[in-house]
Amino acid sequence: MPVQAAQWTEFLSCPICYNEFDENVHKPISLGCSHTVCKTCLNKLHRKACPFDQTAINTDIDVLPVNFALLQLVGAQVPDHQSIKLSNLGENKHYEVAKKCVEDLALYLKPLSGGKGVASLNQSALSRPMQRKLVTLVNCQLVEEEGRVRAMRAARSLGERTVTELILQHQNPQQLSANLWAAVRARGCQFLGPAMQEEALKLVLLALEDGSALSRKVLVLFVVQRLEPRFPQASKTSIGHVVQLLYRASCFKVTKRDEDSSLMQLKEEFRSYEALRREHDAQIVHIAMEAGLRISPEQWSSLLYGDLAHKSHMQSIIDKLQSPESFAKSVQELTIVLQRTGDPANLNRLRPHLELLANIDPNPDAVSPTWEQLENAMVAVKTVVHGLVDFIQNYSRKGHETPQPQPNSKYKTSMCRDLRQQGGCPRGTNCTFAHSQEELEKCNPHGLNLYCLLSSVASMGTIHNELYKQQQCDREKICVSAVKRAETCFSVFSPLEEPREDT
């Protein structure tokens with residue numbers, strides 16, 4: 001499977017000669033198929049067709065305009081105007097406005113650092129999915145009919161992602177995982193954590209991959225018995241809920257029997273772990289969408305796998321589940337969110353532009369837009385992307401700092417049990433328990449967890465410390481629940497305990 005991320009970030013150099021674009025020899029020329037090649041390489045082509053997908057080039061290469069949006073990103077001198085001859089003056093005006101909108105949007109891709117021809121976009125105001133969709137738009141050739149159709153679809157895709165980003169910005173990440181698992185449980189399903197869920201799925205596959213047909217009860221008992229040595233908390237109820245999740249995903253072929261339990265047989269297309277896991281993940285994403293939850297690929301990777309290595313996998317599932325109606329529904333959801341929050345950034349002003357983008361036909365065979373429609377779409381996508389960036393920079397409550405615990409809270413005062421027992425945590429970075437000693441110390445500056453850490457020391461004998469038992473404990477309840485032993489606490493633990501006499 002090709003690594004797409006390494007390819008799309010190389011949009012500042014010619015994919016044939018690998019030279020960085022410039023305003024003299026290697027001028028970037030975008031084709032109708034959205035591939036961009038330097039003019040020198042285009043003039044060397046034996047056939048007048050794209051060298052990558054063989055799409056015919058219908059316009060003379062000398063007539064195709066230089067992609068100024070890309071030139072400005074490499075620091076080249078960009079002229080204020082280039083002569084383009086279209087059918088009439090009106091078309092020229094619409095083209096100039098649309099082109100200027102794309103050039104303004106391209107500035108969000110301006111690399112802050114990176115090698116020759118490669119943009120390093122990590123510090124951009126836009127997320128990775130937004131950057132990628134914007135690169136697609138920037139490479140569209142607006143003077144070509146196919147290029148305009150592609151530009152309309154790219155604008156729609158950017159608008160749809162913008163809505164998702166705005167909804168994500170308004171969500172409480174601490175509450176998000178709780179709402180997700182509540183929605184999963186409400187459908188009779190369950191997620192047991194990354195490590196345990198993976199083992200359960202592999203055992204289901206082990207039992208059924210040879211085409212065997214088992215009753216639900218027998219299948220559940222088989223999985224529980226195999227899981228118990230490593231996961232003592234495994235139960236028939238929890239594993240039954242995992243099997244129910246696969247049943248909802250239509251992974252089984254069910255054979256009904258008179259006066260007996262139905263037999264479940266794994267469908268042939270799901271008799272590999274990758275296929276079964278993908279359908280399992282897609283079902284959970286589908287449940288989240290039904291519940292009105294918007295979760296980023298990074299969050300999904302953390303929740304389902306306990307890492308960030310499966311972002312692309314989760315993004316592909318999200319994209320596959322999107323329907324033409326999803327955009328309009330997301331706009332309605334955003335409106336509801338803004339009503340609930342009071343909309344301090346006045347994001348409701350973006351709604352007409354979002355609705356215009358939602359009405360664009362995403363079909364590749366769609367009719368070519370008029371020049372006026374193209375201009376309106378480019379103005380709309382520029383407005384909504386600017387609105388998103390403005391909200392992130394000036395109004396977003398999401399920061400990169402570690403959330404601070406509320407007074408008297410137990411936020412990250414003890415290690416995460418899922419991480420310790422199962423090797424992964426389904427809540428990821430949103431977990432309220434610590435995942436490392438550094439987190440314990442950072443989020444627990446007053447040493448609340450010291451009482452737990454001292455329990456083993458206290459059991460070995462009297463703790464010799466000049467501060468031991470010199471004052472009344474002001475965290476008695478925490479000591480009771482976390483330590484269970486009075487002598488572990490440095491302070492006087494109860495009224496029956498007298499302060500230590502110095503000897």
Side-chain angles (χ1 to χ4, degrees), residues 177-178 180-182 184-185 187-249 251-252 264-266 270-285 287 299-310 313-314 412 414-437 439-440 449 452-453 455-456 482 484:
S177 60
L180 171 62
W181 304 133
V184 170
R185 288 192 297 271
R187 288 155 177 81
C189 306
Q190 193 168 349
F191 186 80
L192 308 174
M196 189 172 176
Q197 195 83 355
E198 179 178 342
E199 287 300 314
L201 292 175
K202 287 181 177 178
L203 288 171
V204 169
L205 191 61
L206 178 64
L208 301 176
E209 65 182 345
D210 60 352
S212 300
L214 302 176
S215 67
R216 182 190 293 251
K217 182 178 180 180
V218 171
L219 177 61
V220 168
L221 284 174
F222 171 81
V223 175
V224 171
Q225 289 173 359
R226 292 295 189 96
L227 273 181
E228 276 182 336
R230 185 179 174 190
F231 300 99
Q233 69 271 35
S235 66
K236 289 185 287 185
T237 302
S238 61
I239 299 304
H241 290 161
V242 174
V243 173
Q244 176 64 19
L245 186 63
L246 296 176
Y247 179 80
R248 278 183 59 93
C251 294
F252 299 117
M264 305 174 71
Q265 186 180 27
L266 201 58
F270 301 122
R271 293 179 188 174
S272 68
Y273 178 73
E274 292 73 19
L276 185 65
R277 184 62 198 249
R278 184 178 181 84
E279 203 64 22
H280 162 276
D281 294 349
Q283 183 60 30
I284 295 182
V285 174
I287 290 174
Q299 290 172 313
W300 273 122
S301 182
S302 179
L303 288 167
L304 299 187
Y305 291 90
D307 58 38
L308 296 178
H310 294 79
H313 165 72
M314 297 309 304
K412 294 193 182 295
S414 60
M415 291 297 291
C416 174
R417 185 176 60 185
D418 287 333
L419 185 69
R420 185 173 64 250
Q421 294 181 351
Q422 303 174 20
C425 174
R427 294 168 293 278
T429 56
N430 297 326
C431 184
T432 56
F433 294 91
H435 284 185
S436 65
Q437 185 62 33
E439 270 193 337
L440 274 176
N449 203 54
C452 297
L453 297 174
S455 58
S456 59
K484 310 292 186 184

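Numbering of residues begins at 1 and proceeds along the displayed sequence. Predicted model, so just to flag it, every value in this text is computed and none were measured.
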Report task. Looking only at non-hydrogen atoms, find the nearest pair between Q265 and G211 and report the distance. Result -> NE2-O, 2.7 Å
**Report entry** Atom of S235, atom of V224 and distance for their closest heavy-atom approach
**Finding:** O-CG2, 3.6 Å
Query raised in the report: Nearest 0.5 Å, what's the CD-CG distance between Q197 and L304?
Result: 8.5 Å
Query raised in the report: I287 versus R187: any side-chain heavy-atom pair under 4.5 Å?
Result: yes
Report summary line: Residues E199 and L227: closest non-hydrogen pair is CB-CD2, 3.6 Å
Query raised in the report: Taking atom CZ of F222 as the centre, does the number of heavy atoms from other residues, nucleotides or ligands within less than 6.0 Å exceed 12?
Result: yes
Query - Side chain proximity check, L221 to K236, heavy atoms < 4.5 angstrom - result: yes
Query raised in the report: Rounded to the nearest 0.5 Å, how far does NE2 of H435 lie from CE of M415?
Result: 7.5 Å
Query raised in the report: Where do L201 and V242 come nearest, in terms of heavy atoms and distance?
Result: CD2-CG1, 4.3 Å
Query raised in the report: Yes or no on side chain to side chain contact (heavy atoms under 4.5 Å, CB included) for L205 and R277, after CA distance, side-chain angles and deciding distance?
Result: CA-CA 10 Å; L205 191 61; R277 184 62 198 249; over 6 Å; no
**Report entry** Side chain E209, main chain R271, donor-acceptor under 3.5 Å
**Finding:** no
Query raised in the report: Should L266 and L276 count as side-chain neighbours, where that means a heavy-atom distance under 4.5 Å?
Result: yes
**Report entry** Test item: M264 and L246 side chains (from C-beta on) under 4.5 Å apart, heavy atoms
**Finding:** no
Query - Heavy-atom pair with the smallest gap, counting every atom of E279 and C251 - result: CG-SG, 3.8 Å
Query raised in the report: Below 4.0 angstrom, N of the basic side chain to O of the carboxylate: do E198 and K202 qualify?
Result: yes
Requested in this report: Check whether any side-chain heavy atom of L192 sits under 4.5 Å from a side-chain heavy atom of F231, and report yes or no.
Outcome: no
Query raised in the report: When rounded to the nearest 0.5 angstrom, what distance separates CG in L308 from OG in S302?
Result: 6.0 Å
Query raised in the report: Distance only, no hydrogens: is a donor on one side chain within 3.5 Å (strictly under) of an acceptor on the other, for R216 and Q244?
Result: yes
Report summary line: Residues L303 and F191: closest non-hydrogen pair is O-CE2, 3.6 Å
Query raised in the report: Quick one: does V204's side chain get under 4.5 Å of F270's, heavy atoms only?
Result: no
Report task. Consider only side-chain N and O atoms of H313 and D281, and report whether a donor and an acceptor are under 3.5 Å apart. Result -> yes
